[in-house]
**Q** 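Structure below; questions to follow.
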Amino acid sequence: MRILATFDAKDYQDTTGVYEKYSVRGIVMREGRLAMQCSKDGEYKIPGGGMENGESERQALIREIREETGLYVLEDAITELGEIVELRRDIFDPTKKYICHSLFYYCEVEKGRQDALKLTPSEVAKGYELKWATPQEVYQRNVLIEKDPWIIRDTAFVKMLMDGRVVLPE
């Protein structure tokens, strides 16, 4: 998968270990709007998450999109878009360098089919819900509150969509 961007905090020089993680992110578009997780604070996050043991990237993507949006991804209509790599000191173990590979995919979903959300306790605490928003709405809101690395990453990806550096299939 092609690298779209690398964010390097360069704050891990004295670390002694590495924690590397792969996650998947799903871009679902309907009538010019993106399916996003929106927190009670108004920050937008692209749905997705980490792979569980034994899961393929596609299986994780389908599961994560269903859990976080209730939408059903059509497995045959998944297209690779690119990867964003993040490097920083691990927030849970400061002795480790954290490397996160976020793999972005375009996903088509079944029309008219949606389940209730199945959020993690931290997602519930943030008040995440499915919200459809234009890339411009997501970008304009998120640049005001870019405090978390995942919001910075997702805002950068949305900007790439807006600038035409990432093109969605038709």
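Bear in mind that the values here come from a model prediction, so they are computed numbers and not experimental data. All heavy atoms count here, side chains included; hydrogens, waters and symmetry mates do not.
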**Q** Between F157 and F104, is the gap from one ring center to the other below 6.0 Å?
**A**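 When the ring centroids of F157 and F104 are compared, they turn out to be within the sub-6.0 Å range.
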**Q** Kindly compute the distance separating CG (D154) from CE (M36), expressed to the nearest 0.5 Å.
**A**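 These two atoms lie 6.0 Å from each other.
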**Q** Against the six-membered ring of Y72, is R113 placed for a cation-pi contact (under 6.0 Å from the centre, within 45° of the normal)?
**A**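 Judged by the rule, R113 and Y72 form a cation-pi pair.
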**Q** Would you call E67-R63 a salt bridge at under 4.0 Å N-O?
**A**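 Yes, charged N to carboxylate O under 4.0 Å.
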**Q** Linking I/L/V/M/F/W/Y whenever their side-chain heavy atoms sit closer than 4.5 Å, directly or via other members, would V28 and L74 fall into one cluster?
**A**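 Shared cluster, no.
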**Q** Without swapping roles, check the side chain of E64 against the backbone of L61 for a donor-acceptor pair under 3.5 Å.
**A**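 Side chain of E64 to backbone of L61, a donor-acceptor pair under 3.5 Å: no, none is there.
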**Q** Checking Y22 against E83: is there a side-chain donor and acceptor pair closer than 3.5 Å?
**A**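 Their side chains do not contain a donor-acceptor pair, so the 3.5 Å distance test is not met.
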**Q** As a quick check of understanding, evaluate side chain to side chain contact (heavy atoms under 4.5 Å, CB included) for T155 and V138, giving each step before the final call.
**A** CA-CA 7 Å; T155 304; V138 171; 5.7 Å; no
**Q** Tell me whether Q114 contacts the main-chain N or O of G70 through its side chain, where contact means a donor paired with an acceptor under 3.5 Å.
**A**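 Checking the backbone N and O of G70 against the side chain of Q114, no donor-acceptor pair under 3.5 Å is found.
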**Q** Just by modelled atom types, is the G48 backbone N or O under 3.5 Å from a matching donor or acceptor in the R25 side chain?
**A**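 Yes, because the side chain of R25 sits within donor-acceptor range (under 3.5 Å) of the backbone of G48.
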**Q** If only side-chain N and O atoms count, and only distance matters, is there a donor-acceptor pair under 3.5 Å linking D93 with T95?
**A**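 Yes, because at least one side-chain N or O of T95 sits under 3.5 Å from a partner of the opposite role on D93.
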**Q** Crowded around K131 NZ? As in, over 12 foreign heavy atoms under 6.0 Å?
**A**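 At most 12 heavy atoms, drawn from other residues, nucleotides or ligands, come within 6.0 Å of this atom.
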**Q** Would you say the side-chain atoms of R89 pair up with the backbone N or O of P94, donor to acceptor, closer than 3.5 Å?
**A**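 A pair under 3.5 Å: yes.
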**Q** Test the K96-Y19 pair against the cation-pi criterion, namely NZ or CZ under 6.0 angstrom from the six-membered ring centroid and within 45° of the ring axis.
**A**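 Not satisfied by the 6.0 Å and 45° rule.
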**Q** How many angstroms lie between atom CG of N142 and atom SG of C38, to the nearest 0.5 angstrom?
**A**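 One gets 8.5 Å once the value is rounded to the nearest 0.5 Å.
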**Q** Would you please test R2 and E80 for salt bridge (charged side-chain N to carboxylate O under 4.0 Å, His left out) and show each step?
**A** CA-CA 9 Å; R2 74 182 173 119; E80 287 185 7; over 6 Å; no
**Q** Are R153 and E86 close enough, and set up right, to give a salt bridge (charged side-chain N to carboxylate O under 4.0 Å, His left out), and what steps lead you there?
**A** CA-CA 8 Å; R153 175 203 61 221; E86 299 168 76; 3.3 Å; yes
